[in-house]
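Here's the structure, in structure tokens; my notes come after.
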Amino acid sequence: TSPFAWLRTRFYYLLIRLYFDQEFSIEEFTRGAKQAFSVVSKLLSQHKLDLLDELVSAEVLQVLKEKMSLLPESHRDALAAELDAIMYTTEGDVRIYYDDDGRKFVRILMRFWYLNGANLPEEVPGETKVFQVVFGGESTKEKRHLLTANYEFQREFTEGVKPDWTITRIEHPRLLE
């Protein structure tokens, strides 16, 4: 990321700590976001959308239901990210905003890079083949793909509202389009 973007996100984290949640820690948030990403991506790959109600916004869930019905099995398998297969995570964007009713919100976009062994067709554009791992001998090759995903997390900080983060955007480029 650029130095400007890095400084901007750090400034927003400071604002979150000063005005919304004195206990907020980006390290703790990132750990929770990785766990949520792993759980949600596995539920998506298993087509268990009914278990996403508490984790994903209603709007996103409706879009997922439409997209998942058209998704080939190989793409569905590629959505799953095991926690230990997440290679890199970074914040993409942080936003603080108020709606017309005076409610306060924070949105944090997280980007994930993860390894997945799904049997993807060779013609998936933009998908990156990282390496083939050889265990034992030549006969036991395992191909892994480095895939990306963007998940946006939102929390309402209005007094009296449950302090839960909800996923308001799910993007698995070239897989879930």
Side-chain angles (χ1 to χ4, degrees), residues 1 5 8-9 11-13 15-17 19-21 23-26 28-83 85-86 88-114 116 118 120 124-127 147-177:
T1 58
R8 194 176 115 245
T9 58
F11 176 70
Y12 276 116
Y13 297 149
L15 290 177
I16 292 168
R17 286 185 67 118
Y19 294 106
F20 300 111
D21 182 3
E23 304 293 318
F24 180 81
S25 156
I26 189 54
E28 185 177 321
F29 174 83
T30 300
R31 276 192 297 278
K34 284 171 74 171
Q35 289 176 338
F37 165 60
S38 180
V39 167
V40 169
S41 69
K42 284 190 257 181
L43 290 172
L44 282 173
S45 74
Q46 297 165 1
H47 204 65
K48 295 183 178 177
L49 302 179
D50 54 323
L51 298 177
L52 295 175
D53 281 338
E54 298 293 317
L55 303 170
V56 177
S57 72
E59 296 84 12
V60 170
L61 194 54
Q62 184 59 39
V63 170
L64 287 172
K65 286 178 181 177
E66 293 167 11
K67 288 182 177 183
M68 292 298 292
S69 64
L70 306 171
L71 205 62
E73 188 175 339
S74 61
H75 284 65
R76 196 174 358 178
D77 292 343
L79 296 175
E82 294 293 332
L83 195 55
I86 300 172
Y88 184 71
T89 304
T90 188
E91 315 91 45
D93 190 24
V94 180
R95 289 181 277 158
I96 297 172
Y97 67 96
Y98 296 82
D99 71 3
D100 293 336
D101 298 325
R103 299 183 313 165
K104 303 178 270 187
F105 295 91
V106 171
R107 283 190 175 177
I108 302 176
L109 177 66
M110 297 297 292
R111 294 191 169 116
F112 303 96
W113 286 262
Y114 64 102
N116 183 289
L120 291 172
V124 176
E127 183 269 330
L147 302 169
T148 62
N150 302 313
Y151 280 47
E152 185 175 63
F153 296 84
Q154 175 181 284
R155 178 175 167 194
E156 184 175 350
F157 282 92
T158 308
E159 197 169 315
V161 174
K162 241 171 96 173
D164 291 336
W165 289 93
T166 303
I167 299 170
T168 56
R169 180 170 36 156
I170 293 178
E171 297 172 342
H172 285 262
R174 294 171 185 80
L175 292 176
L176 191 61
E177 293 183 339

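Computed from a predicted structure; not experimentally measured.
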Apply side chain to side chain contact (heavy atoms under 4.5 Å, CB included) to I26 and T9, showing your working. CA-CA 10 Å; I26 189 54; T9 58; over 6 Å; no

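- Screening L51, I170, V60 against V40 for a side-chain contact (heavy atoms from CB on, under 4.5 Å) leaves a single residue, I170.
- When all heavy atoms of A80 and Y114 are compared, the closest pair comes out as O-CE1, 3.6 Å.
- With respect to E156 and K162, no salt bridge is recorded, no charged nitrogen being found less than 4.0 Å from a carboxylate O.
- Look at R8 and E91 and you find no salt bridge, because none of the NZ, NE, NH1 or NH2 atoms lies under 4.0 Å from a carboxylate O.
- Here OG of S45 is found 14.0 Å from NE2 of H75. Values are rounded to the nearest 0.5 Å.
- A donor-acceptor contact shorter than 3.5 Å links the side chain of T158 to the backbone of K104.
- Here the straight-line distance linking atom OG1 of T30 with atom CD of Q35 works out to 11.5 Å at 0.5 Å rounding.
- D99 is linked by a side-chain contact (heavy atoms from CB on, under 4.5 Å) to D101, R103, F105, counting only residues two or more places apart in sequence or in another chain.
- Atoms CZ and CD, from R169 and E59 in turn, are 14.0 Å apart once rounded to the nearest 0.5 Å.
- Once rounded to the nearest 0.5 Å, the distance linking NZ of K34 with CZ of F29 reads 13.0 Å.
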In sequence, state the C-alpha distance, the side-chain angles, and the governing distance for L49 and L44, and then conclude on side chain to side chain contact (heavy atoms under 4.5 Å, CB included). CA-CA 6 Å; L49 302 179; L44 282 173; 3.5 Å; yes

Apply side chain to side chain contact (heavy atoms under 4.5 Å, CB included) to residues K48 and D50 and explain how you reach the verdict. CA-CA 6 Å; K48 295 183 178 177; D50 54 323; 4.2 Å; yes

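- Under the 3.5 Å distance criterion, the side-chain polar atoms of N116 are left unmatched by any main-chain donor or acceptor of L79.
- Between H172 and Y151, the angle of the ring planes goes over 60°, which puts this pair in the perpendicular group of the 30/60° scheme.
- A distance of 11.0 Å separates OG in S57 from CD in Q62, rounded to the nearest 0.5 Å.
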Check: residues 106-113 side-chain donor-acceptor pairs under 3.5 Å, at least two apart:
from	atom 1	to	atom 2	distance (Å)
R107	NE	Y97	OH	3.3
R107	NE	Q154	OE1	2.5
R107	NH2	Y97	OH	3.4
R107	NH2	Q154	OE1	2.8

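- For the ring pair (Phe, Tyr, Trp, His ring centres under 6.0 Å) condition, no pair includes a residue of residues 44-71, sequence neighbours left out.
- Of all heavy-atom pairs spanning S38 and A81, the tightest one is OG-O, 2.7 Å.
- Residue-environment remark: CD (E73) stays at or below the threshold of 12 foreign heavy atoms within 6.0 Å.
- To the nearest 0.5 Å, the span separating CG on L55 from CG on D164 amounts to 9.5 Å.
- Remark: side-chain polar atoms of D21 are not paired, donor with acceptor, to backbone N or O of I16 under 3.5 angstrom.
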